[in-house]
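Structure, as structure tokens:
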Amino acid sequence: MLDEVRGLSAYTAYNANVDAIVNLKPEVVQGLIDSFGADEIRRKIEEYPRRIEEPIDFVARLIHALKTGKPMAVPLVNEEMHRWFDETFKYDMERIGGQAGIIANLMAGLRVKKVIAYTPFLPKRLAELFREGILYPVVEDGELKLKPIQEAYREGDPLKVNRIFEFRKGMKFKLGEEVIEVPHSGRFIVSSRFESISRIETRDELRPFLPEIGRQVDGAILSGYQGLRLQYSDGKDANYYLRKAKEDIILLKEADIKVHVEFASIQDRKLRKKVVTNIFPLVDSVGMDEAEIAYILSVLGYRDLADRIFTYNRIEDAILGGMIILDELNFEILQVHTIYYLMYITHRDNPLSEEELAKSLEFGTTLAAARASLGDITKPEDYEVGLKVPFNERSDYVKLRFEEAKRKLRMREYKVVVVPTRLVPNPVSTVGLGDTISTGTFLSYIALLKKHSK
Ligand SMILES: Nc1ncnc2c1ncn2[C@@H]1O[C@H](COP(=O)(O)OP(=O)(O)O)[C@@H](O)[C@H]1O
Ligand SMILES: O=P(O)(O)OC[C@H]1O[C@](O)(CO)[C@@H](O)[C@@H]1O
Ligand SMILES: [Mg+2]
């Protein structure tokens with residue numbers, strides 16, 4: 001499968017940033033609790049702030065994420081807080097972030113034949129974090145030029161830095177009398193959402209060349225819509241950018257290529273609904289994690305089902321929820337990644353067999369396991385490392401529950417495939433593992449479709 005995937009050409013856009021990563025230590029978490037006070041933190045958790053305006057918002061949402069062990073991302077909207085973060089935390093490492101940034105570097109690491117990456121802002125410090133071999137589209141003398149991305153930077157473009165707080169299963173700390181133990185490893189993302197950097201768009205001069213870019217690739221992976229704001233001070237709004245984003249997809253699809261959208265959590269319910277209802281119906285494939293599927297069902301009006309998924313993580317609820325999303329937003333294939341299993345839901349007439357779909361999911365989890373073990377994928381051989389990672393200890397349970405769900409749910413119109421994940425006990429880092437899974441599953445999906453069309 002790796003060889004077929006490496007024979008592909010791909011385009012990825014929009015969001016790329018610098019990820020400043022903090023590997024959380026229990027004593028640091030305990031220090032935050034002691035300095036803000038357990039009662040104050042509990043009160044703030046109840047309030048459930050959807051944006052970080054002041055330190056207590058961050059501490060409350062972080063503690064809540066640690067308690068659930070679920071991957072979360074919360075916007076930072078107050079630029080004054082840079083100083084507080086930089087005084088309070090020591091960053092263990094900096095690396096490329098943003099779905100488009102991570103996915104471009106992953107594909108270049110695998111030596112995929114051709115990787116074109118686009119992000120609206122490309123300051124020097126960000127350009128340097130991209131791997132060798134990635135091309136960036138620019139317009140020169142009215143023509144499309146693909147330049148090595150490290151050389152295509154623009155002085156003066158704003159730099160976006162997100163803060164990533166990696167947490168590990170088993171971490172323990174006390175919130176007042178309550179002893180909290182983190183149930184799963186994962187990451188908490190503080191996403192910088194300032195107006196100067198919250199533009200997700202193809203620059204107007206480049207947009208007319210999207211069909212030409214589409215003709216040069218086998219597929220496109222788009223993401224970053226979560227970075228939009230509902231309002232901008234220049235009078236533009238989310239609707240303006242979403243109309244442009246829809247145009248981009250239509251232009252790319254003139255070349256009749258498959259387009260995948262990698263979803264990310266959108267705290268603002270209005271924006272979340274706009275993104276899923278505007279963008280999902282135009283693309284072929286969508287990827288998301290188990291928290292995000294619940295969030296989407298909630299804004300589609302299925303709040304009880306959303307709560308059940310968020311609380312109990314039952315496969316049958318995820319399948320039911322996935323079928324609803326696929327049906328209501330009407331696209332080709334949904335891929336959901338969770339801690340214990342990956343799932344495809346697609347239509348009965350999908351040209352791929354369930355065995356082929358399972359192989360595609362296995363490629364995705366193996367790639368993520370390699371990245372979780374190594375911290376990054378820098379060469380194709382790294383993939384082999386993923387093959388040595390065992391399937392998680394709940395694999396049999398997952399298969400049993402899936403068989404049960406198949407009997408209970410009417411799935412006649414759908415093909416539903418579930419495979420257990422290869423889970424690395426103590427991952428080097430988890431940020432970007434979902435992006436990795438979705439890249440592996442989407443590229444192998446296209447490679448398998450290509451075989452059928454021969
Ligand atoms: N330790 C691990 N080993 C292997 N896979 C993992 C591990 N931890 C998480 N994953 C996989 O990565 C996924 C995380 O996806 P997601 O939350 O979308 O991450 P991101 O958005 O940061 O890429 C999980 O659903 C799981 O399938
Ligand atoms: O939503 P934003 O600000 O574009 O950030 C996306 C975040 O998600 C990730 O791409 C992981 O999926 C991080 O690398 C990045 O910080
Ligand atoms: Mg994700």
Side-chain angles (χ1 to χ4, degrees), residues 12-21 65 69-77 94-106 119-121 129 160-169 184-194 197-200 223-229 261-267 271 275 286-293 295 313 318 335-343 361 364-375 385-386 389-392 419-441:
T12 184
Y14 294 99
N15 60 328
N17 60 268
V18 173
D19 271 355
I21 297 174
K70 288 200 180 263
M72 298 277 189
V74 185
L76 170 66
V77 295
E94 282 195 357
R95 49 194 261 191
I96 195 130
Q99 279 80 11
I102 287 176
I103 290 168
N105 272 6
L106 169 66
T119 184
F121 300 125
L129 291 175
K160 173 175 174 181
V161 179
N162 282 351
R163 294 173 176 89
I164 311 293
F165 296 86
E166 286 276 353
F167 52 85
R168 289 298 167 264
K169 178 176 182 172
H184 302 295
S185 298
R187 84 301 185 262
F188 182 81
I189 297 173
V190 173
S191 272
S192 297
R193 279 278 192 287
F194 316 125
I197 50 171
S198 294
R199 291 258 190 306
I200 292 296
S223 59
Y225 306 103
Q226 69 276 10
L228 291 174
R229 295 165 68 97
V261 155
E262 186 57 19
F263 193 65
S265 73
I266 301 178
Q267 292 297 322
L271 179 63
V275 168
V286 175
M288 62 184 72
D289 69 22
E290 73 268 32
E292 291 153 2
I293 191 171
Y295 282 134
N313 296 312
Q335 180 262 118
V336 181
H337 35 273
T338 78
I339 290 285
Y340 293 113
Y341 64 88
L342 306 189
M343 171 166 73
L361 290 178
T365 186
T366 305
L367 200 54
R371 180 185 168 105
S373 307
L374 299 167
V385 173
V389 175
F391 287 96
N392 70 73
V419 303
T421 53
R422 293 177 184 273
L423 213 48
V424 174
N426 199 2
V428 168
S429 80
T430 67
V431 64
L433 290 182
D435 303 340
T436 302
I437 286 166
S438 292
T439 304
T441 52

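Indexing begins at 1, ligand by ligand and atom by atom, following the structure's order.
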Can you find a pair of side-chain heavy atoms, one from Y295 and one from Q267, that are under 4.5 Å apart? yes
Honestly, for I189 the part within reach of ligand 1 (heavy atoms, under 4.0 Å) is neither
Ligand 1 atoms in contact with I339 (distance to a heavy atom under 4.0 Å): 25 (O)
For atom 13 (C) of ligand 2, which of the options D19, V18, T436 provides the nearest non-hydrogen atom? D19
Within reach of ligand 1, part of R187 (heavy-atom separation under 4.0 Å): side chain
Tell me, which protein residue and heavy-atom name are nearest atom 3 (N) of ligand 1, and how many Å apart are they? V424 N, 3.0 Å
Provide, to 0.1 Å, the distance between atom 17 (O) of ligand 1 and the closest protein heavy atom, together with that atom's residue and name. D289 OD2, 2.8 Å
What are the atoms of ligand 2, with element, lying closer than 4.0 Å to any heavy atom of G97? 14 (O)
Distance from atom 4 (O) of ligand 2 to nearest protein heavy atom, with residue and atom: N15 ND2, 2.8 Å
For ligand 2, which atoms sit closer than 4.0 Å to a heavy atom of S191? 1 (O), 2 (P), 3 (O), 5 (O)
Heavy-atom gap A264 to ligand 1 smaller than 4.0 Å: no
What I want to check is whether the side chains of S198 and R193 have a donor and an acceptor closer together than 3.5 Å. no
Would you say G98 contacts ligand 2, with heavy atoms under 4.0 Å as the rule? yes
Taking only heavy atoms of P427 into account, list the atoms of ligand 1 that are under 4.0 Å away from them. 1 (N)
the protein heavy atom lying closest to atom 12 (O) of ligand 2 turns out to be D435 OD2, 2.8 Å
Contact check: T338 vs ligand 1, nitrogen or oxygen atoms, below 3.5 angstrom: yes
Is there a side-chain contact between F391 and V419 in this structure, where contact means two heavy atoms from C-beta onward sitting under 4.5 Å apart? no
Considering distance alone, does some N or O of S192 sit under 3.5 Å from an N or O of ligand 2? no
Less than 3.5 Å between some nitrogen or oxygen of T421 and one of ligand 1, yes or no? no
Counting each atom of ligand 2 from 1 as listed, which ones have a heavy atom of N17 under 4.0 Å away? 5 (O), 15 (C), 16 (O)
With a 3.5 Å cut-off and no angle check, do the side chains of Q226 and Q99 form a donor-acceptor pair? yes
Just by distance, with hydrogens left out, do E166 and T430 show a side-chain donor and acceptor under 3.5 Å apart? yes
Protein residue, atom and distance nearest to atom 1 (O) of ligand 2, heavy-atom basis: Q226 NE2, 2.9 Å
Among the heavy atoms of E262, does any lie under 4.0 Å from an atom of ligand 1? no
Going by the order shown, which atoms of ligand 2 are within less than 4.0 Å of some heavy atom of I102? 10 (O), 14 (O)
Quick one: does L342 get an N or O within less than 3.5 Å of an N or O on ligand 1? no
Return yes or no for this condition: an N or O of S185 is under 3.5 Å from an N or O of ligand 1. no
closest protein heavy atom to atom 12 (O) of ligand 1 is L433 CB, 3.3 Å
To check your reading of the model: name the closest protein heavy atom to atom 2 (C) of ligand 1, its residue, and the distance in Å. L423 CD1, 3.6 Å
Among all protein non-hydrogen atoms, which one is nearest to atom 4 (C) of ligand 1, and what is the separation to 0.1 Å? R422 O, 3.2 Å
Applying the side chain to side chain contact (heavy atoms under 4.5 Å, CB included) test to T421, which of I339, T365, L361 qualifies? T365
Atom 5 (O) of ligand 2 - nearest protein heavy atom and its distance: N162 ND2, 3.0 Å
Non-hydrogen atom of E262 closer than 4.0 Å to ligand 2: no
Give the residue and atom name of whichever protein heavy atom lies nearest to atom 3 (O) of ligand 2, and the separation in Å to one decimal. K160 NZ, 2.8 Å
For atom 14 (C) of ligand 1, what is the nearest protein heavy atom, given as residue, atom name and distance? G434 N, 3.8 Å
Have a look at I189, I164, I21 and point out the one with the heavy atom closest to atom 8 (O) of ligand 2. I189
Is the shortest N/O to N/O distance between I437 and ligand 1 below 3.5 Å? no
